[in-house]
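Side chains are part of it too, since the values below use all heavy atoms of this structure and drop only hydrogens, waters and symmetry mates.
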Amino acid sequence: NWHTLPGLLKQTYIRGLKMIATRKDALTGRMRFILLAGIVALLCMTTLAAPAMAATITVPDDYSSVTDAIDAASPGDTVLIRSGTYTLSSALIEVNKPDLTIIGEDRDSVIIESGDEGCFILRSGAHRTRLENITFTSCMRVHVDTGSSSNVIANDVFLNPTYDEGGLGIYSEYNTIRDNVISGATGDYSGVSLSGNSNIFENNSIRDGSSAGLTIYGENNTITKNSFTNNAYAGIEVYSDGFNPENNRIYLNTVTGNGAPATTTGTTPPTTLSWVSPETIPYTYNGTSYSAVMGNYWGSNYTGTDADG
């Protein structure tokens with residue numbers, strides 16, 4: 001299509017035609033054919049190389065089920081889920097392609113549920129997936145598989161998850177988990193399990209669970225600005241038996257009303273575990289500005305000593 005071609009290629013084509021016109025006496029028919037063929041080939045290659053436009057696939061407008069919409073999507077596409085309750089006919093929703101955005105129209109009114117223990121699984125091929133604005137209820141859980149990386153799970157709600165390891169299980173690297181709510185987990189271990197490495201877990205609320213709020217199995221994770229409240233066993237658990245939870249940084253969190261504020265489980269506790277910020281943070285108190293290394297808030301009844309003194 002001539003109108004969609006870059007200006008430089010249009011100029012090249014026009015100049016080629018002018019060259020033929022001005023030198024037609026000097027050029028043989030064979031030479032004219034070769035020059036024109038080269039220009040046409042260049043134009044065709046540019047057209048073929050143009051990237052496909054990303055599409056938005058809407059549920060239920062285009063597909064009645066979330067699974068069918070994801071299966072139909074290509075890398076770079078957005079799956080938009082309109083308000084409604086979506087009950088799975090299968091226990092699994094699987095994503096195994098990169099660069100998808102799966103987003104609800106409104107977090108409070110887009111609900112995914114399953115009659116059995118269901119999973120929304122990001123498989124090893126699902127890199128850079130964005131999963132946002134969805135409420136997962138009861139048996140549903142989001143599972144980020146080993147090999148999947150650089151995903152964003154944001155602004156979701158996990159209500160009353162029943163899995164032993166909670167409503168959210170992270171088993172891979174370089175993911176960002178932020179602005180989520182995990183409430184009322186009834187599993188044996190935790191509301192969220194963080195088994196992968198080098199993840200950012202930020203500004204989430206984990207509350208009212210029957211075990212730990214967050215259990216950390218992986219290493220080099222950043223856990224900051226979260227709220228852990230009213231979890232029966234502990235706000236934060238670091239688990240080392242069979243795992244290597246080294247070099248995790250845990251700071252600026254609010255940890256109150258739990259069975260224990262934090263605990264380290266295992267025969268060999270981690271040797272490097274930081275409960276303070278890696279650098280000074282500016283803040284204002286009573287109208288005066290300060291800059292200091294910051295720890296966590298353990299509640300008004302806490303009698304221990306934080307590592308920042």
Roughly how far, to the nearest 0.5 Å, is the [atom2] atom of [Y] from the [atom1] atom of [X]?
{"X": "Lys225", "Y": "Phe201", "atom1": "NZ", "atom2": "CZ", "answer": "14.5 Å"}
{"X": "Ser190", "Y": "Asp164", "atom1": "OG", "atom2": "CG", "answer": "9.0 Å"}
{"X": "Asn160", "Y": "Thr137", "atom1": "CG", "atom2": "OG1", "answer": "8.5 Å"}
{"X": "Glu113", "Y": "Phe136", "atom1": "CD", "atom2": "CZ", "answer": "12.5 Å"}
{"X": "Met140", "Y": "Ile112", "atom1": "CE", "atom2": "CD1", "answer": "6.0 Å"}
{"X": "Ile102", "Y": "Leu122", "atom1": "CD1", "atom2": "CG", "answer": "7.0 Å"}

What closest approach, in Å, do [X] and [Y] show between heavy atoms, and which atom pair accounts for it?
{"X": "Asn199", "Y": "Glu173", "answer": "OD1-C, 3.6 Å"}
{"X": "Pro269", "Y": "Thr264", "answer": "CB-CG2, 3.7 Å"}
{"X": "Asp156", "Y": "Ile134", "answer": "OD1-N, 2.9 Å"}
{"X": "Gly125", "Y": "Asn96", "answer": "N-OD1, 2.8 Å"}
{"X": "Asp241", "Y": "Thr268", "answer": "OD1-N, 4.3 Å"}
{"X": "Ile206", "Y": "Gly213", "answer": "CG2-O, 3.4 Å"}

Measure the shortest side-chain to side-chain distance between [X] and [Y] over non-hydrogen atoms and say whether it is less than 4.5 angstrom.
{"X": "Ile121", "Y": "Leu92", "result": "yes"}
{"X": "Leu159", "Y": "Thr135", "result": "yes"}
{"X": "Ile153", "Y": "Val142", "result": "yes"}
{"X": "Trp298", "Y": "Trp275", "result": "yes"}
{"X": "Val152", "Y": "Thr129", "result": "no"}
{"X": "Asn220", "Y": "Arg249", "result": "yes"}
{"X": "Val293", "Y": "Ser277", "result": "yes"}
{"X": "Val95", "Y": "Leu100", "result": "yes"}

Whether Tyr290 and Tyr285 hold their rings parallel, tilted or perpendicular, with breakpoints at 30° and 60°: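 Taking Tyr285 first and then Tyr290, their aromatic rings sit tilted (interplane angle of 30° to 60°).
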
Stepwise side chain to side chain contact (heavy atoms under 4.5 Å, CB included) check, Val59 with Tyr86: CA-CA 10 Å; Val59 181; Tyr86 300 86; 3.7 Å; yes

Spell out, as yes or no, whether a donor-acceptor pair under 3.5 Å connects the side chain of [X] to the backbone of [Y].
{"X": "Ser210", "Y": "Gly187", "value": "yes"}
{"X": "Thr215", "Y": "Leu194", "value": "no"}
{"X": "Asp106", "Y": "Ser109", "value": "yes"}
{"X": "Asp77", "Y": "Ser74", "value": "yes"}
{"X": "Asn221", "Y": "Gly196", "value": "yes"}
{"X": "Asn226", "Y": "Asn253", "value": "no"}
{"X": "Asp71", "Y": "Ala69", "value": "no"}
{"X": "Asn258", "Y": "Asn231", "value": "yes"}
{"X": "His127", "Y": "Ser148", "value": "no"}

Side-chain H-bond candidate by donor/acceptor type, Tyr217 with Glu237, under 3.5 Å: no

Hphob cluster co-occupancy, [X] + [Y], side-chain heavy atoms under 4.5 angstrom:
{"X": "Tyr251", "Y": "Met294", "result": "yes"}
{"X": "Ile170", "Y": "Ile250", "result": "yes"}
{"X": "Leu80", "Y": "Val157", "result": "no"}
{"X": "Ile111", "Y": "Ile93", "result": "no"}
{"X": "Val66", "Y": "Val144", "result": "yes"}

Derivation and outcome, side chain to side chain contact (heavy atoms under 4.5 Å, CB included), residues Ile281 and Leu252: CA-CA 10 Å; Ile281 296 174; Leu252 292 182; 3.6 Å; yes

Can you tell me if [X] has over 12 outside heavy atoms packed within less than 6.0 Å of its [atom1]?
{"X": "Tyr189", "atom1": "OH", "value": "no"}
{"X": "Tyr174", "atom1": "OH", "value": "no"}
{"X": "Lys97", "atom1": "NZ", "value": "yes"}

Phe120-His143 aromatic ring centre distance below 6.0 Å: no

Side chain to side chain contact (heavy atoms under 4.5 Å, CB included) assessment of Thr265 paired with Tyr233: CA-CA 12 Å; Thr265 305; Tyr233 175 57; 3.6 Å; yes

Check ion pair Arg82-Asp61 (N to O, under 4.0 angstrom):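 Looking at Asp61 together with Arg82, the answer is yes, because their closest N to O distance falls below 4.0 Å.
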
Verdict with reasoning, Tyr239 to Ser193, per side chain to side chain contact (heavy atoms under 4.5 Å, CB included): CA-CA 10 Å; Tyr239 192 93; Ser193 57; over 6 Å; no

Single hit among Asp179, Asn133, Asn155 for side-chain hydrogen bond (donor to acceptor under 3.5 Å, both in side chains) with Arg107: Asn155

Residues Thr224, Glu202; criterion side-chain hydrogen bond (donor to acceptor under 3.5 Å, both in side chains); working and verdict: CA-CA 5 Å; Thr224 186; Glu202 181 177 22; 5.7 Å; no

